[in-house]
2 protein chains.
Amino acid sequence: MTSPKDPATPTLFEEAAPDKAKASPSKPKAAKDGASASEGEGAGGKEPGGKEPSRRSSAEEMATRQREISVAEFFTKNRHLLGFDSPLKGLLTAVKEAVDNSLDACEEAGILPEILVELHPISEERFRIVVEDNGPGIVKDQIGKVFGKLLYGSKFHKLSQTRGQQGIGISAAVMYGQLTTGKPARIVSRTGKKARAYELLLAVDTVRNKPELHAEREIEWEKEHGTRVEIEMEARYQKGLRSVDMYIKLTAIANPHVQLTYVDPGGVKVVYERGTKALPKETVEIKPHPHGVELGRLIQMAKETQSRTLSGFLQEEFSRVGPKVAQDICKLAKVSDKAHPARIAREEAAALHDAIQKSKIMAPSTDCISPIGEELILAGLKKELEADFYTSVTRPPAVYRGNPFQIEVGIAFGKPGGVGLELTEEGRIQKVKKEVPATEDLVGNADEPVRVLRFANRVPLLHQQSACAVTKAVIHTNWRAYGLQHPKGALPLGAMAVLVHIASVWVPFTSESKEAIANYEEIQKEIRLGLQECGRRLGTYIRKGKRLRAEFDKRSYIEKYIPHIGIALQEILDLSDPDRDGTVKTLDDVLQKSRKF
Amino acid sequence: MTSPKDPATPTLFEEAAPDKAKASPSKPKAAKDGASASEGEGAGGKEPGGKEPSRRSSAEEMATRQREISVAEFFTKNRHLLGFDSPLKGLLTAVKEAVDNSLDACEEAGILPEILVELHPISEERFRIVVEDNGPGIVKDQIGKVFGKLLYGSKFHKLSQTRGQQGIGISAAVMYGQLTTGKPARIVSRTGKKARAYELLLAVDTVRNKPELHAEREIEWEKEHGTRVEIEMEARYQKGLRSVDMYIKLTAIANPHVQLTYVDPGGVKVVYERGTKALPKETVEIKPHPHGVELGRLIQMAKETQSRTLSGFLQEEFSRVGPKVAQDICKLAKVSDKAHPARIAREEAAALHDAIQKSKIMAPSTDCISPIGEELILAGLKKELEADFYTSVTRPPAVYRGNPFQIEVGIAFGKPGGVGLELTEEGRIQKVKKEVPATEDLVGNADEPVRVLRFANRVPLLHQQSACAVTKAVIHTNWRAYGLQHPKGALPLGAMAVLVHIASVWVPFTSESKEAIANYEEIQKEIRLGLQECGRRLGTYIRKGKRLRAEFDKRSYIEKYIPHIGIALQEILDLSDPDRDGTVKTLDDVLQKSRKF
């Protein structure tokens, strides 16, 4: 037990407990307290008992044990909340957090990203992960905080589409490394040709949630600018649908502007070349939309604003509020639009909040969102997934709780490998042998549930599939209408991969580990609309395939009899063998050409 | 966009960027940076393009935007993580957090708890919740921090069985209230007869994660000691399995020493009288067990210890390490047991950690756990649930990751209402009419999935049932063996409630909102063993019931013919009517008594 003299939280005993003199073993006092409880009240009419002598603590003793908990301690003890529940998942989470940061930094700086990811096995249960980028680098005195302090970053306070948003991820990875191996992380960073490169060894001081610097020096680095992170951690490596390999592959699909080099624990190097040299459209930071703001937040914003009038405040701090709208809101709320924002009372603020909800305000602008685009999704799917049929849809932007978002859906359908049918230009149907892809099969088999590939702000989500709004939308779409088998309440069956991407200024994840998207109605609806549009195209394709199959069967049937017809004609008309063969040929041509498909 | 002159994070530009002079619109520099990227490297052999002119940010500009994020801001934006995702759930979460705190405080002080919970509707979508206890009270200068600062508390740093463990819950409720209504919470507290009662109006300063005091004064309060919390919030009230009503009822079952008074929004008052006057056994705080400690944590503990020798350190800071074990560990690790803990190198610490894992160390002591107990579980079930059959099991304590825990299971079986069969003392089987309970039916119908009542440290868990280790254990137990229908991969069917309680010094929840228990193998196994034991008893009961039913049917069948036998005998033997009736009576008696059940 903590001693009552814990210096961490000095308390003013005098006020609350005048009889506090016998400091340490104040058991008797506690007993008295307890006893008084058993006599005093009895609101329910029943006398609370005192069978056993009350021992235990008084309010004063308890006060001495109250302490602040550092957020780093909190997440060390609750590290499963951040995706570090197991060595297997920890490896993926660490890589993901580092790559997310690299990509965000490159794009923010306007640099076409080149990322290197390496997994070095130290032992069966220990790996060193390396993630290196050609980003803008980090200025030296920020490195410590970026990698060694939880809840520190530039993305939390603004509304814009970034991969990271919390300022927790990479520091948590560093913390997990030090927790499991005792070793600090190694960071190398350089901000430009004329700047020096620095190497830092650092860890998180969990008690204080501050970076703990182990070493720092200037080094020579061949890169002109960029950042390299090395973390040693307890981890396990495994191939499959939730592996680092898969994460890298999916990242390449959703980020065609990135060049990704991946070295797996066996030393095998895979390079994903970029498919486009165009960086994603630069996204604009937006102000909150009035319809998404709660009363408490409104009051706080009014307190903090620089504006001197309510009208100015509404126009300055929110998007889509012009002088006219601001005036209308104030009128409706019966508050002067000249009032000083910081001085409006709670009641006026409540009226204002009410008026905002009732006012018609234009939907937020959507240039803050940068979708992948239908073409690039199609290109990505074609590049990395073997299939027969591809389609993609980018939905128009929509809004949930004042936050703009945009949904994209892609489908790759058709069993890789086996034999397929193809219609030639002359109208012939021919069999084609399909190659079995050497890589991980992302499309799956015809009798298996379809594969759902989920992305949020271009980041693949590999865990917690069943808790995700995307999965729910796929399950609740009627795939039977599009020619697939679809057991009730489950994923449809088919050799198919469904890609869904949500881009938003604030993706509502169900946990800090950012593995699943919360089930907002507006998001659900948009995903479903995207799925339906792709589904209809898929349906057309599948029906066409079925007709092709039916026609092929019919033709095969007729084909079988044509030679016999030839022989019969030969006998009846007394044809020569060449004449007979010629007739058969003609009949065959007629069959293939005249029967329209 | 944040101005680059943001004073929050001053940076040393000199070192990292010697050419930084043109402070504000350094766009040209960014462009240069981007361009140099397009020339410089090209590790993959491909020239990274520069199609569009790089505009965007440099490392220096980005540095100015880095900021610390307060944990209160973080959880305001991510409040679904704490259980405040909707007005419906928010109401329950707030009540739960307040009651948890009240019960913990009462028990810590050795006071038999009397709790009052009131829900006052302000409008359809706004409620004032009131939770009042007769606990030890809170000393005045701690009140602010307890209710107005996240990650502050006495329970996080110790290993002991408490309901709260994070120091987040009640402050989050206050924060949710202020966010949705703009109003501060009202706290009244008094620490004893001789102390004064204080009333505070307070909120959370989210930017700084500090209490924001709106008002404070001394008041007259009829209670000698205790705390009252009032929070006004946006909320919705609904009856049902996940309602506040249900939470209160389940709390009464798992806490038979508590007197609970509940006033629902309609003003209806329900009093749950306590079933025992014995407080739960006082739990002891324990030290961490060596087998559950990671390397990084070991290193940190060695740094912080007061002990001067390694041997002393191991004995002082861990449970179950005596001089002999400490010596053995040091020997195995090839480190002197006289070494100064703070000065051992990382490699030695690693060897020590290794040696600890390899050493046989006694399992942690388990007096730190206070289960409800088989009798009280049974009493609780009988008091609140109408059923035909009850049983309960308290498993012996076990350990996961060095943390002791204990599982308890209770079962209430049998459809409430309808007609049942009963065996009288004379061996007669008689029909009994069962009353339909007026309250919420917790046992359910025979063709429905069984109801799972989950508890962690005596707190009912109402949400995220499917993600919980308890539900998984119920699903994976073979209930067919005990006479229930059991669809594969789903809950068994039956008019039955299954209660599972986990008591532990650290309950591994899957999220901060503490709604589901993480699926540790050791926990899973213990729950299953408890379920099986109860299941076997249930099986015996169900089989007996089936035999009773079969016997009843057989007797009914014979009974039907007895009068006819009487008439036949009368005709053959020429009996008088009374003789015939006497014979029928005798035959009936023989039937009922001679056929043994």
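Everything numeric in this text was worked out from a predicted model, so none of it was measured. In the text below, chain A, chain B and the rest are named by the order of the sequence lines, each starting its count at 1. Reckoned from all heavy atoms, side chains included, excluding hydrogens, waters and symmetry mates.
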Fill in the blank from the handout: Under 4.5 Å to a heavy atom of chain A? For B:T510 that would be backbone
Problem - Closest heavy-atom pair and its distance - B:Q300, A:V207 - result: NE2-CG2, 3.2 Å
Handout entry: salt_bridge(A:E218, A:R196) N-O dist < 4.0 Å
Key = yes
Handout entry: Between A:G153, A:G135, A:G137, the one whose heavy-atom pairs under 4.5 Å with chain B are most numerous
Key = A:G153
Practice task
Return yes if a side-chain donor-acceptor contact under 3.5 Å exists between B:S57 and B:R65, otherwise no.
Solution key: yes
Problem - Side-chain H-bond candidate by donor/acceptor type, A:Y176 with B:E294, under 3.5 Å - result: no
Problem - Salt-bridge contact B:E68-A:K145 (side-chain N to carboxylate O under 4.0 Å) - result: no
Fill in the blank from the handout: Of the listed A:H353, A:E304, A:R79, A:E234, the one with the largest count of heavy-atom pairs under 4.5 Å with chain B is A:R79
Completion exercise
Exactly one candidate in B:V204, B:L179, B:V71 meets side-chain contact (heavy atoms from CB on, under 4.5 Å) with B:T76; the answer is B:L179
Fill in the blank from the handout: The interface call for A:K149 against chain B, heavy-atom contacts under 4.5 Å, is side chain
Practice task
Under 4.5 Å heavy-atom distance to chain A, tell me which part of B:A105 shows up: side chain, backbone, both or neither.
Solution key: both
Handout entry: Between CD1 on residue B:I115 and CD on residue B:Q259, distance to nearest 0.5 Å
Key = 10.0 Å
Practice task
Mind ranking B:E73, B:R297, B:Q178 by heavy-atom pairs under 4.5 Å with chain A and telling me who comes out on top?
Solution key: B:E73
Exercise for the section: Please state whether the side chain, the backbone, both or neither of B:F75 comes within less than 4.5 Å of a heavy atom of chain A. Expected result: side chain
Exercise for the section: Measure A:E212 against the heavy atoms of chain B and call it side chain, backbone, both or neither at under 4.5 Å. Expected result: side chain
Practice task
Against chain A, work out which of B:T181, B:L116, B:I299, B:L298 has the most heavy-atom pairs shorter than 4.5 Å and name it.
Solution key: B:T181
Handout entry: Side chain / backbone / both / neither for A:L150 at chain B, heavy atoms under 4.5 Å
Key = neither
